[in-house]
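Worksheet: one structure, shown below.
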Amino acid sequence: MQFCPLCHSEQHVLFAEDKNRSYFRCQQCALIFADPNAQLAPEQEKAVYDQHQNNPEDMGYRQFLSRVATPLVERLPANASEGLDFGSGPGPTLSIMLEEMGYNMAIYDPYFAPDPSVLTRQYDFVTCTEAIEHFYQPAKEWGLLLSMIKPGGWLGLMTKLATDADGFKRWHYKNDPTHVSFFSRDTFRFLAKRDDLEVEFVGNDVILLRKTQ
């Protein structure tokens with residue numbers, strides 16, 4: 001029996017298929033997930049990430065990341081001082097932007113900054129931009145993210161949000177072989193209700209969640 005990798009429900013349906021993979025939609029949390037049998041090996045996955053041209057001196061990239069940085073900082077309490085950028089990638093940039101705003105930042109990436117010690121602490125906020133869609137075990141990683149946020153702290157996410165089946169079939173976002181978990185507004189509402197979080201959607205791809213306790 002195959003379980004939803006986010007909420008572990010057995011109730012899911014075939015949502016879409018293309019020439020590379022099948023995709024299933026959980027009927028409980030609405031996560032859309034790619035067939036686990038089609039996952040890349042770690043060395044194949046890293047080869048894709050190595051092609052990313054993330055550069056902190058790229059003003060266009062900074063502007064892209066400001067879509068999550070600006071509304072997040074506006075909501076942080078005045079005494080917030082420490083944050084973690086989870087999934088910082090080959091060219092950490094958001095952490096630098098937030099350091100320039102006065103925050104002490106740690107980074108973590110399983111391939112490019114694999115320091116497990118930063119995962120044992122709690123922070124005033126955690127950011128995770130264009131990374132959550134790569135989670136093979138989103139239940140495990142979601143739990144880890146929440147465990148690192150202090151009560152009252154914030155989680156700032158950026159990911160493209162899935163819509164209906166017709167839109168999904170034409171969606172370029174699913175064609176990246178490293179994209180395996182596709183969240184929607186319904187998924188984040190489910191998680192917020194289950195985990196006692198406040199959720200806000202900013203634009204089309206930014207999700208802000210506050211840990212209420």
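The basis for the numbers below is simple: all heavy atoms, side chains too, and nothing from hydrogens, waters or symmetry mates. This is a predicted model, so every value here is computed, not measured.
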Requested in this report: Begin with the C-alpha distance, continue with both residues' side-chain angles, and end with the deciding distance and a verdict on side-chain contact (heavy atoms from CB on, under 4.5 Å) for Arg194 and Leu191.
Outcome: CA-CA 5 Å; Arg194 187 194 69 181; Leu191 292 169; 3.5 Å; yes
Query raised in the report: Is there a side-chain contact (heavy atoms from CB on, under 4.5 Å) between Ile32 and Phe24 once you walk through the steps?
Result: CA-CA 5 Å; Ile32 300 166; Phe24 303 91; over 6 Å; no
Report task. Give the C-alpha distance, both sets of side-chain angles, the deciding distance and a yes or no for side-chain contact (heavy atoms from CB on, under 4.5 Å) between Val68 and Leu157. Result -> CA-CA 7 Å; Val68 66; Leu157 303 172; over 6 Å; no
Query raised in the report: So Phe3 and His8, ring-ring contact (aromatic ring centres under 6.0 Å, His included) or not? Walk me through it.
Result: CA-CA 5 Å; Phe3 297 91; His8 303 308; 7.4 Å; no
Query raised in the report: Hey, mind stepping through Lys174 and Asp18 against side-chain contact (heavy atoms from CB on, under 4.5 Å) and telling me if it holds?
Result: CA-CA 10 Å; Lys174 71 170 174 55; Asp18 59 27; 3.2 Å; yes
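Inter-residue side-chain proximity for Met105 and Leu84 is flagged as unmet; no heavy-atom pair is nearer than 4.5 Å. Side-chain contact between Leu65 and Thr93: present, with at least one pair of heavy atoms (C-beta onward) separated by less than 4.5 Å. Between Leu6 and Thr187 the shortest side-chain heavy-atom distance falls below 4.5 Å. For the pair Arg25 and Leu14, the minimum side-chain heavy-atom distance is 4.5 Å or more. A 4.5 Å side-chain heavy-atom check between Ser181 and Glu133 finds every atom pair outside the cut-off. Considering only heavy atoms from C-beta on, Pro5 stays 4.5 Å or farther from Gln137 through its side chain. Side-chain atoms of Glu82 and Arg121, non-hydrogen and from C-beta on, do get closer than 4.5 Å to each other. The shortest distance between side-chain heavy atoms of Phe201 and Arg189 falls below 4.5 Å.
No donor-acceptor pair closer than 3.5 Å links the side chain of Asp195 to the backbone N or O of Leu197. One N or O on the side chain of His134 and one on the backbone of Thr178 form a donor-acceptor pair closer than 3.5 Å. A donor-acceptor contact shorter than 3.5 Å links the side chain of Thr120 to the backbone of Ser117. A donor-acceptor pair under 3.5 Å links the side-chain atoms of Gln122 to the main chain of Ser147, judged by distance alone. Counting only distance, with no hydrogens or angles, the side chain of His12 and the backbone of Gln2 share a donor-acceptor pair below 3.5 Å. Within the 3.5 Å criterion, the main-chain N or O of Thr212 finds no donor-acceptor partner in the side chain of Asp196.
There is no path of hydrophobic side-chain contacts, each under 4.5 Å, that joins Leu72 to Ile149. Hydrophobic clustering keeps Val73 apart from Val126 (ILVMFWY residues linked when any side-chain heavy atoms are closer than 4.5 Å, directly or through intermediates). Note on Ile96: it does not cluster hydrophobically with Tyr108, by side-chain heavy-atom contacts below 4.5 Å among ILVMFWY residues. Linking Ile, Leu, Val, Met, Phe, Trp and Tyr residues whenever their side-chain heavy atoms come within less than 4.5 Å places Leu119 and Ile132 in a single cluster. The hydrophobic cluster containing Leu76 does not contain Met148, counting ILVMFWY residues as joined when their side-chain heavy atoms lie under 4.5 angstrom apart, directly or transitively.
For the ring-ring contact (aromatic ring centres under 6.0 Å, His included) with Phe182, the qualifying choice from Phe168, Phe33, Phe15 is Phe168, the only one to do so. With respect to Phe125, the ring-ring contact (aromatic ring centres under 6.0 Å, His included) criterion is satisfied by exactly one of Phe86, Tyr103, Trp154: Tyr103.
Lys211 has no carboxylate O lying under 4.0 Å from a charged side-chain N of Glu198, or vice versa, which leaves the two without a salt bridge.
Closest non-hydrogen pair, Ser81 versus Asp124, comes out as N-OD2, 2.7 Å. Annotation for Gly87 and Asp109: closest pair C-OD2, 3.4 Å, computed over non-hydrogen atoms. Pairing each heavy atom of Ser22 with each of Glu17, the nearest pair is OG-OE2, 3.2 Å. The two atoms that bring Asn20 and Ala38 nearest to each other are O-CB, 4.4 Å, heavy atoms only. Of all the heavy atoms in Cys128 and Ala131, the pair that sits closest is SG-CB, 3.6 Å. The shortest non-hydrogen separation linking Leu146 to Leu155 is CD2-CD2, 4.5 Å.
For the atom pair OH of Tyr111 and OG of Ser88, the computed distance is 13.5 Å after rounding to the nearest 0.5 Å. Note that the OG1 atom of Thr127 and the CE atom of Met97 stand 10.0 Å from one another [nearest 0.5 Å]. The CE atom of Met158 sits 8.5 Å away from the CD1 atom of Ile207 when rounded to the nearest 0.5 Å. Between atom OG1 of residue Thr163 and atom CZ of residue Arg170 there is a gap of 8.0 Å, rounded to the nearest 0.5 Å. Taking CD of Glu10 as the start and CD of Gln27 as the end, the distance is 12.0 Å to the nearest 0.5 Å.
More than 12 heavy atoms of other shown residues, nucleotides or ligands fall within 6.0 angstrom of atom CG in Asp115.
Note on ring orientation: taking the six-membered ring where Trp is involved, the planes of Phe188 and Trp142 are tilted (angle from 30° to 60°).
Residue pairs that meet the side-chain hydrogen bond (donor to acceptor under 3.5 Å, both in side chains) test with at least one member in residues 63-78, sequence neighbours left out, are Arg67-Asp205, Arg75-Glu200.
Under the side chain to side chain donor-acceptor pair (under 3.5 Å) criterion, Asp166 pairs with no residue, sequence neighbours left out.
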